[in-house]
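Hydrogens, waters and symmetry mates are skipped; everything else that's a heavy atom, side chains included, is used.
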Amino acid sequence: MKIEEISPEDRVISEWERRRYRPKPGEPELPPQLSDLAHKSTDEVLKEINRLPFFMTELDETDGEGGQNASLEALKTLAYDGEPDEVATNFKNQGNECYKAKQYKNAVQYYTQGLDVECNDDKINSALLVNRAACNLELKNYRMCIEDCKKVLLMDENNIKACYRAGRAFFAVNRFDEAKQVLQYGLTKDPENLSMKDVLTKIEEKENQIKAAIERKEKETQLKQQQELVLASAITLRKIEIIKSSRPAELLEDTKIRLEDPLDYESQLIIPAMILYPTTDEFDFVAEVGELSTPAEVLEIVLQRPQEWFEDPRHKNFTLKSLECYMETVSGGLVKVGKKAPVNKALMAEQAKAPLFDNGLRLYVVPKQESAAWLGNWNREVALAKRQM
């Protein structure tokens, strides 16, 4: 047998039908004011009941047909019935109930209505202000909280709550000096106030964190400047020239020349390198090459390729033995570098000096069988012009 589940809506309707008043023979009919409800649905009944101010769960200011809800208007008028201090106190009490229920926005409205009464009672007004400040603190309306606390202290210089809440609000917006001043003032009125002491401790901790962060940043900046100075000295002492082109290779943008020991100018320079194969219009990029490395050592790295690469007719002469290495000189010419000589020999040479281009090593690699033709086609003027492109 299949059991069908009854929805909550159907269950409510069934309960309403079960409890609906049905007069027995001889019993009176429903009172006139309730007789209309007997013929309405559950939703219609609940909507009607909601219009009664005592049962309201949502605001309904109409008579059900778009007119004014006279009962609600009467309540509004009643709210302002009494002496100003009584009206203001009533709004304060309603705000307090909302605050307890964490309905902070509603509480702010009640406290504001209480202040609008202008009851001229400093005690009541200061309570409304300091309570509204508490709500704005919870709502993170720190400026409003601070303003209310200032007004309270002008009326009551001994108001500890105003000092505490203003201190927290100043702390929240990183106005530490003002936070400390108002909290320390509060402690002159209540030296044993643990809440204010706790906020002062948190401010001190935050200030120490910021101070430590600033000192750490300053040390990092000083260290970086020192490393840059040592690197510049190392390059100058080696008499290495660096040529900056107008359009450096993208691969060189994220890599930099550096010292193996950043604070020792005598340690080995580590240089990014572009390995160019002009006869096949190809290239390799090696992020770090030591200045004491030889072209042969660099070639051993780049020639670690799959066998099919060497089977390509273009690469038939790409062997360590048959390849020759050249570097471009400052004057735009070429200089052949020994495969077993460290690259810094060409960089530090007095004659036919090879520079770094955009802080990177530029090494041309050509098969011996094709080197004569390639060298014959090299144009010094074109090479120099390319540096400006």
Side-chain angles (χ1 to χ4, degrees), residues 231 234-235 238-243 245 248-262 264-330 333-378 383 386:
L231 176 61
I235 293 171
R238 287 167 171 79
K239 298 181 180 180
I240 294 175
E241 289 196 29
I242 298 177
I243 294 176
S245 61
E250 291 184 7
L251 289 169
L252 292 173
E253 291 179 358
D254 296 327
T255 57
K256 296 180 179 180
I257 185 172
R258 65 178 181 84
L259 283 165
E260 201 166 38
D261 180 348
D264 182 3
Y265 69 92
E266 291 184 336
S267 64
Q268 184 176 198
L269 279 172
I270 308 298
I271 310 167
M274 298 290 295
I275 317 302
L276 307 175
Y277 310 104
T279 59
T280 61
D281 197 24
E282 296 173 307
F283 73 91
D284 279 317
F285 174 72
V286 181
E288 294 190 336
V289 172
E291 65 174 315
L292 300 179
S293 299
T294 65
E297 291 170 336
V298 176
L299 289 176
E300 286 178 355
I301 294 172
V302 298
L303 291 178
Q304 294 179 12
R305 301 174 181 270
Q307 182 60 36
E308 52 265 29
W309 187 85
F310 296 98
E311 293 172 357
D312 185 325
R314 297 180 303 162
H315 305 141
K316 64 178 181 179
N317 294 319
F318 277 66
T319 64
L320 184 61
K321 186 176 181 179
S322 63
L323 290 173
E324 293 182 342
C325 298
Y326 297 85
M327 292 177 70
E328 190 174 338
T329 65
V330 173
L334 291 169
V335 60
K336 185 176 181 180
V337 294
K339 285 187 287 187
K340 294 185 178 181
V343 293
N344 69 356
K345 183 177 181 180
L347 296 173
M348 297 168 63
E350 293 291 338
Q351 301 295 326
K353 178 185 286 294
L356 295 176
F357 291 92
D358 303 307
N359 289 336
L361 182 72
R362 187 181 292 180
L363 186 66
Y364 293 94
V365 177
V366 183
K368 185 184 301 183
Q369 296 85 340
E370 304 173 60
S371 62
W374 176 69
L375 289 169
N377 290 326
W378 183 267
K386 284 183 177 179

TODO: Can you sort out the partners of Y326 under ring-ring contact (aromatic ring centres under 6.0 Å, His included), two or more places apart, ordered by chain and number?
DONE: W374
Open item on the list: Please check: side-chain N/O of E324 versus main-chain N/O of K336, any donor-acceptor pairing under 3.5 Å?
Closed with: no
- [ ] Find the distance between CG (L276) and CG (L363) and round it off to the nearest 0.5 Å.
- [x] 8.0 Å
Open item on the list: Rounded to the nearest 0.5 Å, what separates atom CE in M274 from atom CG in D284?
Closed with: 9.0 Å
Task: P295 side chain near V343 side chain, heavy-atom distance below 4.5 Å - done: yes
- [ ] May I ask you to check whether over 12 heavy atoms, not counting those of D281, lie within 6.0 Å of atom CG?
- [x] no
TODO: Output yes when a side-chain donor or acceptor of D312 lies under 3.5 Å from a complementary backbone atom of E308, and no otherwise.
DONE: no
TODO: To the nearest 0.5 Å, tell me how far E291 CD sits from M348 CE.
DONE: 7.0 Å
Open item on the list: As a quick check of understanding, evaluate side chain to side chain contact (heavy atoms under 4.5 Å, CB included) for V298 and C325, giving each step before the final call.
Closed with: CA-CA 11 Å; V298 176; C325 298; over 6 Å; no
Open item on the list: Suppose we screen for side chain to side chain contact (heavy atoms under 4.5 Å, CB included). Which residues come up paired with I242, at least two apart in sequence or across chains?
Closed with: I235, K244, L356, N359
TODO: Please indicate whether F283 has more than 12 foreign heavy atoms, meaning atoms of other residues, nucleotides or ligands, lying under 6.0 Å from its CZ.
DONE: no
Open item on the list: Testing the basics here: between P355 and I243, what is the closest heavy-atom pair and its distance to 0.1 Å?
Closed with: CG-CD1, 3.6 Å
TODO: Could you tell me which non-hydrogen atom of K353 sits nearest to which non-hydrogen atom of K239, and how far apart they are?
DONE: NZ-O, 2.8 Å
TODO: Please list all pairs passing the salt bridge (Lys or Arg N to Asp or Glu O under 4.0 Å) test where one or both residues lie in residues 356-369, with sequence neighbours left out.
DONE: E328-R362
Task: Short side-chain to backbone donor-acceptor contact, K386 and S245, under 3.5 Å - done: no
Task: Considering all heavy atoms, the nearest P342-T294 contact - done: N-CG2, 4.0 Å
TODO: Before giving the answer on side chain to side chain contact (heavy atoms under 4.5 Å, CB included), spell out for Q268 and N344 the whole-Å C-alpha distance, their side-chain angles and the decisive distance to 0.1 Å.
DONE: CA-CA 10 Å; Q268 184 176 198; N344 69 356; over 6 Å; no
Task: Partners meeting side chain to side chain contact (heavy atoms under 4.5 Å, CB included) with E300 (sequence neighbours left out) - done: L320
- [ ] Check whether any side-chain N or O of K345 sits under 3.5 Å from a backbone N or O of G338 as a donor-acceptor pair, and report yes or no.
- [x] no
Task: Derivation and outcome, side chain to side chain contact (heavy atoms under 4.5 Å, CB included), residues L269 and I257 - done: CA-CA 7 Å; L269 279 172; I257 185 172; 4.1 Å; yes
- [ ] Nearest 0.5 Å please: distance from the CG atom of N317 over to the OG atom of S322.
- [x] 5.5 Å
Task: Given T280, V302, L323, L303, the one that forms side chain to side chain contact (heavy atoms under 4.5 Å, CB included) with V365 - done: L323
Task: Non-hydrogen atoms of I275 and V286 that approach each other most closely - done: CG1-CG2, 4.3 Å
- [ ] Take I270 and V289, measure what side chain to side chain contact (heavy atoms under 4.5 Å, CB included) needs, and give me the verdict at the end.
- [x] CA-CA 6 Å; I270 308 298; V289 172; over 6 Å; no
TODO: Just jot down the side-chain hydrogen bond (donor to acceptor under 3.5 Å, both in side chains) partners of Y265, sequence neighbours excluded, or say none.
DONE: none
TODO: Find out whether M327 and L347 are in side-chain contact, i.e. whether some heavy atom of one side chain is under 4.5 Å from a heavy atom of the other.
DONE: yes
Task: Contact list for residues 286-317, test ring pair (Phe, Tyr, Trp, His ring centres under 6.0 Å), sequence neighbours left out - done: W309-H315, W309-F318, H315-F318
Open item on the list: Within a 6.0 Å radius of atom CD on Q307, are there more than 12 heavy atoms belonging to other residues, nucleotides or ligands?
Closed with: yes
Task: NZ on K256 to CG on L231, rounded to 0.5 Å - done: 10.0 Å
Open item on the list: So which atom in K321 and which in K339 form the shortest heavy-atom distance, rounded to 0.1 Å?
Closed with: O-NZ, 3.3 Å
Task: Approximate separation, where rounding is to 0.5 Å, of I301 CD1 and S293 OG - done: 7.0 Å
TODO: Please check if the side chain of E370 supplies one atom and the backbone of P367 the other of a donor-acceptor pair under 3.5 Å.
DONE: no
